[in-house]
Amino acid sequence: MAEVLFYHMTESRLEEALPDLLEKCLARGWRVVVQTASEERRDALDQHLWVYRDDSFLPHGSDAEGAAGLQPILLTCDAEQRANDPHVRFLVEGAVPTTLEPYVRGVYLFDGYDPDQLATARERWKVEKAADHVVTYWQQTADRRWVKKA
């Protein structure tokens with residue numbers, strides 16, 4: 001069973017919240033796949049992760065480039081892409097996986113002000129609980145910290 005976390009962004013945009021969570025995964029030695037809802041979003045995140053902070057970068061690539069299997073963080077819009085043998089699957093902006101069975105952790109990041117993303121998160125909460133995954137819900141505080149709510 002995968003541990004499935006739902007991160008409800010209310011104070012940050014995806015570009016602000018995602019890099020910190022990815023850094024924590026890499027610190028644990030986990031390989032990650034980030035699934036987006038579109039190729040345009042995948043490509044925008046690809047560019048952003050190179051420059052999101054002046055003193056750092058996240059080693060990553062997209063499945064639109066070569067060597068997908070070598071990437072510590074692989075960006076994709078393919079629900080079945082696992083070329084880098086990931087431990088964690090991030091699902092952003094309404095992306096939906098085929099299954100989270102092969103993962104240690106599944107992470108849904110969604111914008112609390114986007115009705116479509118909220119609806120998808122609520123639906124996926126039910127699906128993941130029904131699949132007997134360990135499911136938790138985290139929400140941002142005003143100072144952008146994550147607090148476990150369920």
Side-chain angles (χ1 to χ4, degrees), residues 1-52 57-140 146 148-150:
M1 279 314 120
E3 178 183 15
V4 181
L5 294 84
F6 287 79
Y7 282 95
H8 185 164
M9 295 179 294
T10 56
E11 305 301 321
S12 299
R13 295 181 4 235
L14 177 65
E15 292 82 2
E16 298 162 334
L18 181 62
D20 290 337
L21 296 171
L22 292 174
E23 285 177 345
K24 290 177 182 181
C25 288
L26 292 181
R28 290 183 175 196
W30 289 342
R31 286 177 306 285
V32 177
V33 65
V34 178
Q35 181 183 333
T36 62
S38 70
E39 290 180 3
E40 295 79 19
R41 194 63 170 123
R42 176 200 62 202
D43 296 345
L45 279 177
D46 186 19
Q47 293 302 310
H48 176 70
L49 292 179
W50 289 116
V51 298
Y52 78 97
F57 77 97
L58 285 164
H60 72 280
S62 85
D63 59 356
E65 305 159 352
L70 300 175
Q71 302 300 332
I73 299 170
L74 179 61
L75 306 173
T76 186
C77 52
D78 180 347
E80 297 187 19
Q81 177 62 267
R82 299 190 70 237
N84 66 336
D85 194 26
H87 300 93
V88 180
R89 185 170 203 96
F90 277 80
L91 301 126
V92 300
E93 298 183 329
V96 176
T98 309
T99 180
L100 291 175
E101 288 298 326
Y103 301 96
V104 172
R105 183 173 283 176
V107 181
Y108 290 89
L109 256 83
F110 58 98
D111 181 341
Y113 298 104
D114 182 314
D116 293 334
Q117 288 185 39
L118 281 171
T120 299
R122 287 183 181 117
E123 177 184 319
R124 296 309 301 175
W125 174 273
K126 293 174 191 170
V127 168
E128 303 305 352
K129 283 200 60 101
D132 288 330
H133 293 299
V134 177
V135 180
T136 57
Y137 168 77
W138 298 79
Q139 188 173 32
Q140 278 187 316
W146 296 106
K148 186 176 178 180
K149 296 283 189 165

Is the shortest heavy-atom distance from the side chain of Thr36 to the side chain of Leu75 under 4.5 Å? no

Can you tell me how far the CD atom of Glu128 sits from the CD atom of Glu123, to the nearest 0.5 Å? 10.5 Å

Does any non-hydrogen side-chain atom of Val107 lie less than 4.5 Å from one of Cys25? no

Please list, chain by chain and in numerical order, all residues satisfying salt bridge (Lys or Arg N to Asp or Glu O under 4.0 Å) with Glu16, sequence neighbours excluded. Arg144

Go through the steps for Leu100 and Tyr108 under the test side chain to side chain contact (heavy atoms under 4.5 Å, CB included), then give the verdict. CA-CA 11 Å; Leu100 291 175; Tyr108 290 89; 4.1 Å; yes

Please collect all salt bridge (charged side-chain N to carboxylate O under 4.0 Å, His left out) contacts where either partner lies in residues 99-113, sequence neighbours excluded, each pair once. Glu3-Arg105

To the nearest 0.5 Å, how far apart are OG1 in Thr136 and NZ in Lys149? 13.5 Å

Could you tell me how the ring of Trp50 sits relative to the ring of His60: parallel (under 30°), tilted (30 to 60°) or perpendicular (over 60°)? tilted

Taking only residues two or more places apart in sequence or in another chain, which ones pass salt bridge (Lys or Arg N to Asp or Glu O under 4.0 Å) with Asp78? none

First locate atom CZ of Phe90, then atom CG of Leu45, and finally report the distance between them rounded to the nearest 0.5 Å. 11.5 Å

Quick one: list whatever passes ring pair (Phe, Tyr, Trp, His ring centres under 6.0 Å) with His8, sequence neighbours left out. Phe110, Tyr137

Minimum heavy-atom distance Gln117-Gly94, with the two atoms named: CG-N, 4.1 Å

Using 0.5 Å steps for rounding, measure from the CG atom of Leu74 to the CZ atom of Arg82. 11.0 Å

I'd like to check the salt bridge (Lys or Arg N to Asp or Glu O under 4.0 Å) partners of Arg41; sequence neighbours left out, ordered by chain and number. Glu15, Glu93

Keeping the roles fixed (side chain from Gln140, backbone from Glu11), state whether a donor-acceptor pair exists under 3.5 Å. yes

Working to the nearest 0.5 Å, report the span between CE of Met9 and CG of Leu18. 8.5 Å

Check Trp30 against Val104 and note the closest heavy-atom contact, atom names and distance. CZ2-CG1, 3.9 Å

Mind listing the closest non-hydrogen atom pair of Arg89 and Pro97 along with its distance? CD-CB, 4.2 Å

Check whether His133 reaches the backbone of Met1 with its side chain - one donor and one acceptor, N or O, closer than 3.5 Å. no

So Ile73 and Val34, side chain to side chain contact (heavy atoms under 4.5 Å, CB included) or not? Walk me through it. CA-CA 7 Å; Ile73 299 170; Val34 178; 4.1 Å; yes

With a 4.5 Å limit on heavy-atom distance, are the side chains of Tyr103 and Val88 in contact? no

Minimum side-chain heavy-atom gap Leu21-Leu109 below 4.5 Å: yes

Any idea which heavy atoms bring Gln71 and Gly61 closest together, and the distance? OE1-N, 3.2 Å

Nearest heavy-atom pair of Leu26 and Pro59: which atoms, and what distance? CD1-CD, 3.9 Å

Just wondering, do Val127 and Val96 contact through their side chains at under 4.5 Å, heavy atoms? no

Whether Asp85 side chain and Gly69 backbone form a donor-acceptor pair below 3.5 Å: no

Is it the case that the side chain of Gln47 and the backbone of Ala44 share a donor-acceptor pair, with hydrogens and angles ignored and the cut-off at 3.5 Å? no

Stepwise side chain to side chain contact (heavy atoms under 4.5 Å, CB included) check, Tyr113 with Thr10: CA-CA 7 Å; Tyr113 298 104; Thr10 56; 4.1 Å; yes

Using 0.5 Å steps for rounding, measure from the CD atom of Glu39 to the CG atom of Asp46. 12.5 Å

Might you point out which heavy atoms bring Pro19 and His48 nearest each other, and give the distance in Å? CG-NE2, 4.3 Å

So, using salt bridge (Lys or Arg N to Asp or Glu O under 4.0 Å) as the criterion, who are the partners of Glu23 when residues are at least two apart? Arg53

